[in-house]
Number of protein chains: 2
Amino acid sequence: MDTTFPDLRQYGGADAFLQACKPRTVLDIFTNKWTGLVLGALLDGPRRFNELRRMLDGITQKMLSQTLRTLERDGLIVRTVYPTIPPRVDYELNELGRSVVGVLRSIGEWAGEHADEVIAARQAYDERAKEPVKPV
Amino acid sequence: MDTTFPDLRQYGGADAFLQACKPRTVLDIFTNKWTGLVLGALLDGPRRFNELRRMLDGITQKMLSQTLRTLERDGLIVRTVYPTIPPRVDYELNELGRSVVGVLRSIGEWAGEHADEVIAARQAYDERAKEPVKPV
DNA sequence: CAGTATCCAACTAGATACTG
DNA sequence: CAGTATCTAGTTGGATACTG
């Protein structure tokens, strides 16, 4: 079986759900640790490398570089080099990149609306696990 | 900085985007390899363990077990044990679980609509990388 | 300024074997 | 039937040092 992610538009039962699995690699866009934050940092317009690094305080040079390269390769952002001294490089969302942000927003909305619920469920589950023996 | 995922509802610029970062742990729901498929397999109603294993051909016993436990702990599915011999265990989506599927659907829709675009961008990028020297 | 290169610790997921 | 336990290969991300 191809374990790629399903295209849920075509969902019509579990089988169809599972068969509609083609573009899983594309899903890396959403599973990467920094992708969402980097795209978010670009929402207001073009940013330079170190500018992004400051905005994303906590990201390493390596991860910023890697994330930007991946986003560029995936066609979500545009990298522009100005051959000045010192060099200047701008990163900017393109149309495809902006469309991803829409999806990230719906993920963020769900997380914002239900995070407490999930966290409470986890605590309840862990509490239950503490006392597995039924008191008589 | 807290590198959790932003709640984009509150977005009002990159700063707000970055500051609205609280419930990142909740995002594991979307980044897990099997979560989406398991939730999808439960869309039509309760399923038993080995039933799910057959539907998700390719998943190992360990990963199915682990994924189901995580989903149960997160409060997205309900696990019901029937103390029969042989044992019977049903897994079922609850309301929270069904709401996640909505988000997964929007991810799947984006992926379905733009996968070709992303894949083409990757190929183009890789092609460009092959001939880095500008022919004179 | 805008990156690369290298090493390493932590985590993930698969294969395999065993259990109430 | 419905799992758990263990071992291991592969991947991810961070720290650090260096470069055009």
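By convention in this document, chain letters (A, B, ...) are assigned in the order of the sequence lines, proteins followed by strands, and residues within each chain are numbered from 1.
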Rounding to a whole Å, what distance do you find between A:Gln61:CD and C:dT6:P? 16 Å
Calculate the interatomic distance between A:Ile59 atom CD1 and D:dG14 atom C1'; express it in whole Å. 11 Å
Does any non-hydrogen side-chain atom of A:Val26 lie less than 4.5 Å from one of B:His114? no
I'd like to check B:Leu43 versus B:Leu93 (side-chain heavy atoms, cut-off strictly below 4.5 Å). Are they in contact? yes
Distance in angstrom units between A:Trp34 CH2 and D:dG13 P, rounded: 10 Å
Can you check whether A:Glu95 reaches A:Arg98 side chain to side chain, under 4.5 Å on heavy atoms? yes
For DNA chain D, please output the secondary structure as dot-bracket, reading 5' to 3'. Pairs are Watson-Crick or G-U wobble, both atom distances under 3.5 Å; mark crossing pairs with [ ], other-strand partners with |, unpaired with a dot. ||||||||||||||||||||
Minimum side-chain heavy-atom gap B:Val38-B:Ile77 below 4.5 Å: no
Per the under-4.0 Å heavy-atom filter, residues of residues 63-80 of chain B near DNA chain D come out as B:Ser65, B:Arg69, B:Arg79
Rounded to whole Å, how long is the line connecting atom CG of B:Asn32 with atom C1' of C:dG14? 14 Å
Would you say the side chain of A:Phe30 lies within less than 4.5 Å of the side chain of B:Thr31, judging by non-hydrogen atoms? no
Mind listing the closest non-hydrogen atom pair of B:Met55 and B:Ala41 along with its distance? CE-O, 3.5 Å
Could you write nucleotides 5-10 of chain D as a row of B, S and -, 5' to 3', where a protein heavy atom under 4.0 Å of any base atom gives B, of only sugar-phosphate atoms gives S, and otherwise -? -B----
Between CZ of B:Arg47 and P of D:dA2 the distance, given in whole Å, is 13 Å
Using a cut-off of strictly less than 4.0 Å between a heavy atom of the residue and any atom of DNA chain D, enumerate the qualifying residues of residues 81-94 of chain B by number. B:Pro86, B:Pro87, B:Arg88, B:Val89, B:Tyr91
Can you find a side chain N or O atom of B:Arg48 that sits less than 4.0 Å from OP1 or OP2 on D:dA2? yes
To check you understand the geometry: which heavy-atom pair defines the closest contact between B:Ile29 and B:Val100, and what is its length? CG2-CG1, 3.9 Å
Output all residues satisfying side chain to side chain donor-acceptor pair (under 3.5 Å) with A:Ser99, sequence neighbours left out; order by chain, then residue number. B:Trp110
Look only at the side chain of A:Thr67 and the backbone of A:Met63, and say whether a donor-acceptor pair between them is shorter than 3.5 Å. yes
Would you call A:Tyr82 and A:Val89 a side-chain contact if the rule is heavy atoms closer than 4.5 Å? no
A:Arg79 and A:Tyr91 side chains, donor-acceptor separation under 3.5 Å: yes
Quick check: do B:Val103 and B:Arg105 have side-chain heavy atoms less than 4.5 Å from each other? no
Rounded to whole angstrom units, what separation is found between the CG atom of A:Asp28 and the P atom of D:dT11? 12 Å
Would you please name every residue forming a side-chain contact (heavy atoms from CB on, under 4.5 Å) with B:Thr70, sequence neighbours left out? B:Asp74
